[in-house]
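Atoms considered below: every heavy atom in the structure, side chains included; atoms not considered: hydrogens, waters and symmetry mates. Lettering follows sequence order; numbering is per chain, from 1. Since this is a predicted model, take the numbers as computed values, not measurements.
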Amino acid sequence: MTMKKNLIDFIDISKSYDGNLVLDEFNLYVRENEFVTLLGPSGCGKTTTLRLLGGFETPDTGKILFDSVDITNLPANERKLNTVFQKYSLFPHMSIAENIAFGLKISKKSKQYIEDKIKYALKLVNLDGFEHRSVDSLSGGQQQRIAIARAIVNEPKVLLLDEPLGALDLKLRQNMQYELMRLKEELGITFLYVTHDQEEALTMSDTIVVMNQGYIQQIGTPEMIYNEPENAFVADFIGHSNIIDGTMIEDKLVEILGVKMACVDEGFGKMTPVDVVIRPEDVELVKPEDGYLTGEVTSLIFKGVHYELDVMANGYEWLVHTTQYVPVGTQVGIRVIPFNIQIMHKPESSDEKAVEIDE
Amino acid sequence: MVKKCASRLYMALIFAFLYLPIVVLIILSFNRSNTRVNWKGFTLDWYVRCFQNENIMSAFATTLEITFIAAILATIIGTLAALGISAMKKRGKTIFLGATNIPLLNADIVTGISMMLLFVRFTHLGFVTVLIAHVTFNIPYVILNILPKLKQANRCTYEAALDLGASPLYAFYKVTWPEIRPGVFSGFLMAVTMSLDDFSITYFTKGAGINTLSTMLYTELRKGIKPELYALSTILFFTVLLLLIAANLNPDKITAPVSKRTVYLKRAACTAILASLVLGSLAIFADGSRFSSDGPSITVLNYGKYLDEDALREFEEESGIKVNYEEYEDPEEMYTKYKAGSIDYDVICTSDYIIEKLIQEDEVLEISYDDMPNYQNLNPDIIDMTASFDPKHRYTVPYFYGTLGILYNTELVRPEDVESWDCLWNGSYADDMIMIGSVRDAFAPALITLGYSLNDTDETHLREALDILKAQSAQVSAYYVDETCDEMIAENAAIAVCYSGEAGEAMAENDHLAYSVPKEGSNLWIDSWFIPKTCQNQEGAQKFLDFLCRDDISMANFEYVYYASPNLSVAENQDAELKENEAVNPSEEVLRRCEVYRALNDEKTVLYNSLWQELIGHSS
């Protein structure tokens, strides 16, 4: 993969509403033709970041560069990017065609050009022939696809998407995720996507930016974020995890719940307090005598692909995903292979303290 | 089943209570008879006359001007305010909405009075003050109609438009405006409706000579029966009804699928309305007299229906002085309005005891009678009688006079039975008697019967009078002022205590009626003109008074109201029948036994009022 240039730079952005700090010294860059997702719980600052870029808010301090040009104070209508809003952003009194043509008419495109663009965009979002339908007659998913069509006909360099699938049901949401990925491939433009749905983020993104309380917690590919969360917040937010207090005895050896376990991490020093993350699907259930520790199954829920179990062992309730059927009350042993034990520093910087508050 | 019937009945009752009175009004507007009581066949005459009546038409024009200018201004301001409010944070929004709603919740009369006080402080009441007042009370209606639409529209669409490259103005016009337009339109219609039928606020903020339909109706209806006004009320009712229906239907129409045809029709209708509004406003500004007063003018305040308006036109033509003519009904109300200083009147006509009070309060300017050549046309005997309220005769010009007496039906009552006030107390007309419903006029017969003066203010004497009145109240069928005339024409009572003027009116309608001033004596009232201290054009005012004393003008006014005129030639030159009519021209012998009311001080006014309350409480 060749190194692409930065299309968007957020530099030292701070923003507060009524004395509540929403973004604090926020720095982020987005490269060309990248699918970047801002992921975090509500109130983490992700939507504010998007609105700052869209031009609907101005930062208190810092600046935003677009293609190396400072656009911090440029009005929304003069920015070369388009937004797909959460919902209800279509103009209800206009037909679908008029909605899509809105931006093109403002930029004074020819009639023929506009007509062609509408046809092309509708085809792109799989809604051919919808030109003269009214907004009310469309389903939620169709409306969002029209909103996307309306944005992309203007050929923006960046498409901003503010939880565009939030109002849709699960099945539709999954379909739309694939559509968005296909669109991104076909258009070859940058997507900046905001969501609180970790699955959505993992499915679509090239890069995920996990945010909490105005701070970036981790930036990385979906695999990195999922497999090697940098702190307990990221680990907890990306799927349900077992996060256990532990002590790094030495390189490649950690002690949790009074049991020493082999791991692969190095460089934490000796006898260092750490957080240990073990994903539920990485916990192996074995016979009691074969486990590092033993416990009792306290609950069992069928989830389709797997069962979700709670296992009480050494005073900690382990979350376990397994395909085996293990009835409640069974004594089991717990094992984890060294590669699946993730060691993290305890929070100490101010960024990481925010994590604690959140928990 | 029973429940259903009951609920239907309940609905029917509600509708009956709500609409029956209006139905009666509508029926009366088609009644050939000009009294309220008899049905004499169907006619559309009143509607024709209504449109021929200059008074009504000018009030109608004023109403349209005020309504539409106010509604347009309020719609513009209200729309901007709604946009601002919707963009506010929750706290500010709540505070602002609360403040906006105050005029809605506030009693109209309080709004009206407070606005009057404010306006009087800084300017003169006139067309513009009414306009400002209307704009003020219209704004909340506009805001409340638009806010829900703005909420529906949500900021998202506006931001989406900006995002697509629209400038804020273009985004508003293309995106926000179409969404709130139904709200703006229904807000405008609501404003029109509210302005069209507002009375209280208009009444207090209007200047001399400005009348809207509602204030005109109020004064005219109190003056007496004028079926044109029923016709006008009917038209007004249906206009407001249609506007309300339009205001309520409109939003649904917008969201319904629209065909090209309806779009064009709508556009055409909108254009037509706008065009007429623009033309209307142009017409108003062309008629600059509303906003500026060039040339000399005088502001005249008079009792309602008390002056032939043709005479006014004649005065304007001859003197070149423009007359702002305003009317009132109740002298106490006039006194309050005058004292509030809301309008600078130049010349006022009112009742004897009010003038006495104003003279005592040093509110009256001296008249230089030497500059009034026609003044000598007046009967010196009548002028002498004004000494009771204008002792040195420096301030007043008598206009009309008359008596308090008994109107009776000759079919049921013999003339000799009503020669004494005794007939009121001796039970001969139990439940067939209308007593006058104003305080002093009710007490006067009782005081006289007891042998006291009607100006006696001794509390024990007044209490004795109260006892008589209390005893009488069981036999009284009603206490009336304005309704007496109608009731007697309809022969709903045998006798009624009323003024000679009203008696004369009733007698003209029903030949069975006659009038008597009891031998013990009664009240003589002399309505006179005076020039108040607020006068801005004393020369003009004097010219006007001199004009009124002219023989031909006195005659014209006499023939307009048929009350006794102090003008000698009027007394000479009328029909023998009128001369004989006691209700029109009290004989000298009658005048001798009558007495003019003296002004009461505040303490006695309070006493009178509390006694009156006691009587009313006792009788009901």
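- A:N82 contributes a side-chain N or O that, together with a main-chain N or O of B:D163, makes up a donor-acceptor pair within less than 3.5 Å.
- Residues B:L164 and A:A151 approach most closely at CD2-CA, 4.4 Å, considering heavy atoms.
- With contacts defined as side-chain heavy-atom distances shorter than 4.5 Å, the pair B:R181/A:H93 does not qualify.
- Other residues, nucleotides and ligands contribute only 12 or fewer heavy atoms inside 6.0 Å of the CZ atom of B:F60.
- In this structure, the portions of B:A161 lying under 4.5 Å from any heavy atom of chain A include both its backbone and its side chain.
- By the 4.5 Å heavy-atom criterion applied to side chains, A:D18 and B:K89 are counted as neighbours.
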Does the side chain to side chain contact (heavy atoms under 4.5 Å, CB included) test come out yes or no for B:Y170 and A:N77, once each step is laid out? CA-CA 11 Å; B:Y170 186 82; A:N77 52 327; over 6 Å; no
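- A:I106 places none of its side-chain heavy atoms less than 4.5 Å from the side chain of B:S167.
- In the displayed structure, A:Y113 atom OH is contacted under 6.0 Å by more than 12 heavy atoms of other residues, nucleotides or ligands.
- The nearest pair of heavy atoms linking B:A160 to A:S89 is CB-O, 3.8 Å.
- Heavy-atom contacts from other residues, nucleotides or ligands closer than 6.0 Å to CG of B:L169 number 12 or fewer.
- Contact of the B:K174 side chain with the A:F91 side chain is not registered, since no non-hydrogen atoms from C-beta on lie closer than 4.5 Å.
- Applying the 6.0 Å contact sphere to CZ of A:F56 captures more than 12 heavy atoms from other residues, nucleotides or ligands.
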